[in-house]
A.B. asks: 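One structure is given below, represented as structure tokens, and several questions about it will come after.
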Protein chains: 2
Amino acid sequence: MTMTSENHIMLLADLFRLLGDTTRLRIVLACLDAPIAVNDIATRLALSSSLVSHHLRLLRAARILKADRQGKQVFYSAADQHISGVLADMLAHIAEPAGEEV
Amino acid sequence: MTMTSENHIMLLADLFRLLGDTTRLRIVLACLDAPIAVNDIATRLALSSSLVSHHLRLLRAARILKADRQGKQVFYSAADQHISGVLADMLAHIAEPAGEEV
DNA sequence: TTAACATATGAACATATATTCATATGTTAA
DNA sequence: TTAACATATGAATATATGTTCATATGTTAA
């Protein structure tokens with residue numbers, strides 16, 4: 001952790017930046033439970049499928065989500081288990097009472 | 001994880017967005033080892049102290065870092081242990097071989 | 001083939017934000 | 001008090017980026 005190369009820092013920042021938009025974060029959360037198709041994400045989150053597709057492209061490029069085509073539809077799901085770990089840690093951070101020393 | 005309120009989503013996104021900038025991320029990493037003063041961060045990262053201070057303000061407001069004044073200097077350090085957990089998980093995500101099913 | 005559906009993409013625009021510069025505030029020593 | 005140092009902040013600007021709209025690509029059924 002102490003030694004983090006500039007290369008890794010850029011990759012890390014890219015990942016965090018992608019999760020740092022509420023729309024994209026909601027899309028990621030929608031994909032964590034089970035694989036879900038683009039249109040279903042759009043319906044569930046009340047977004048245009050164009051917008052969802054734009055975001056999915058970025059999330060897939062960063063290997064946060066992976067795509068699986070089944071016929072006409074493309075199902076998206078978490079690329080690995082680390083993202084949910086990150087989200088769990090961040091939720092714990094939010095739950096941490098302000099000003100408490102740990 | 002399944003149920004994440006809109007309120008929590010906004011807080012989560014705020015935290016990720018803050019870590020999603022390379023300059024701010026480097027500042028956070030510089031504060032993880034031990035408390036460090038503003039000017040020392042600026043020197044170590046070759047940044048202006050003005051820029052560092054601007055970023056520290058945001059990081060402190062999000063309770064990612066906490067401030068401790070000692071005389072003229074203000075030392076910054078991690079607010080709690082969750083952030084380093086998040087960073088460790090994200091580094092693991094980066095280290096994950098592409099295309100591997102987990 | 002054509003038609004209908006599902007997803008993806010390029011351009012344009014509006015908004016957000018990282019950085020710089022100047023200045024202000026706070027702290028300690030003389 | 002003044003001077004020197006350390007940190008913080010406000011305004012301005014340049015850049016990045018989320019969203020929309022139009023259109024393209026890919027897939028299946030008739």
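Chain naming here is simple, since letters A, B, ... match the order of the sequence lines and numbering starts at 1 in each.
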A.B. asks: When you get a sec, tell me which of dC5(C), dT20(D), dA8(C) is the closest nucleotide to the side chain of K72(A)?
C.D. replies: dC5(C)

A.B. asks: Looking at dT20(D), dT19(C), dA8(C), which one has an atom nearest to any side-chain atom of V38(A)?
C.D. replies: dA8(C)

A.B. asks: State which of dT9(D), dA8(D), dC21(D) makes the closest approach to the side chain of S50(B).
C.D. replies: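 Closest nucleotide among those given: dT9(D).
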
A.B. asks: Between dA6(D), dG18(D), dT9(C), which one does the side chain of N39(B) approach most closely?
C.D. replies: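 Comparing dA6(D), dG18(D), dT9(C) against the side chain of N39(B), the answer is dA6(D).
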
A.B. asks: Between R69(B) and dA6(D), is there a contact of a side-chain N or O with OP1 or OP2 at under 4.0 Å?
C.D. replies: no

A.B. asks: Would you check if H54(B) stacks with the base of dT9(D), given a 5.5 Å centroid limit and a 30° plane limit, both strict?
C.D. replies: yes

A.B. asks: Could you tell me whether H55(B) contacts a base, only the sugar-phosphate backbone, or nothing, with contacts defined as non-hydrogen atoms closer than 4.0 Å?
C.D. replies: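 If one applies the 4.0 Å heavy-atom cut-off, H55(B) turns out to touch the sugar-phosphate alone, with no base involved.
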
A.B. asks: Report yes if at least one side-chain N or O of Y76(A) is closer than 4.0 Å to OP1 or OP2 of dA6(C); otherwise report no.
C.D. replies: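 Y76(A) to dA6(C) OP1/OP2: no side-chain N or O under 4.0 Å.
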
A.B. asks: Taking the inter-plane angle between the rings of F16(A) and F16(B) on a 0 to 90° scale, is it parallel (under 30°), tilted (30 to 60°) or perpendicular (over 60°)?
C.D. replies: parallel

A.B. asks: Describe the nucleic acid contact of T23(A) in one word from base, sugar-phosphate, nothing, applying a heavy-atom distance below 4.0 Å.
C.D. replies: sugar-phosphate

A.B. asks: When only distance counts, do a donor and an acceptor, one from the side chain of S48(B) and one from the base of dC21(C), lie under 3.5 Å apart?
C.D. replies: no

A.B. asks: Among the nucleotides dT19(C), dG10(D), dG18(D), which one has an atom lying closest to any side-chain atom of L58(A)?
C.D. replies: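 So the side chain of L58(A) is nearest to dG18(D).
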
A.B. asks: Give a yes or no on whether a salt bridge exists between R60(A) and D68(A), defined as a side-chain N under 4.0 angstrom from a carboxylate O.
C.D. replies: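 Salt bridge: no.
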
A.B. asks: I want to confirm an ordering. Mapping R24(A) and G71(A) to their closest nucleotides on DNA chain D, which one lands closer to the 5' end?
C.D. replies: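 Its nucleotide being nearer the 5' end, the pick is R24(A).
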
A.B. asks: Picking from dT19(D), dA8(C), dT7(C), which would you name as closest to the side chain of R60(A)?
C.D. replies: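 Between dT19(D), dA8(C), dT7(C), the one nearest the side chain of R60(A) would be dA8(C).
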
A.B. asks: Using whole Å, what does the distance between atom P of nucleotide dA18(C) and atom CE of M10(A) come to?
C.D. replies: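 Taking CE of M10(A) and P of dA18(C), I get 17 Å after rounding.
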
A.B. asks: Give a yes/no on whether any side-chain N or O of R17(B) is located under 4.0 angstrom from OP1 or OP2 of dT17(C).
C.D. replies: yes

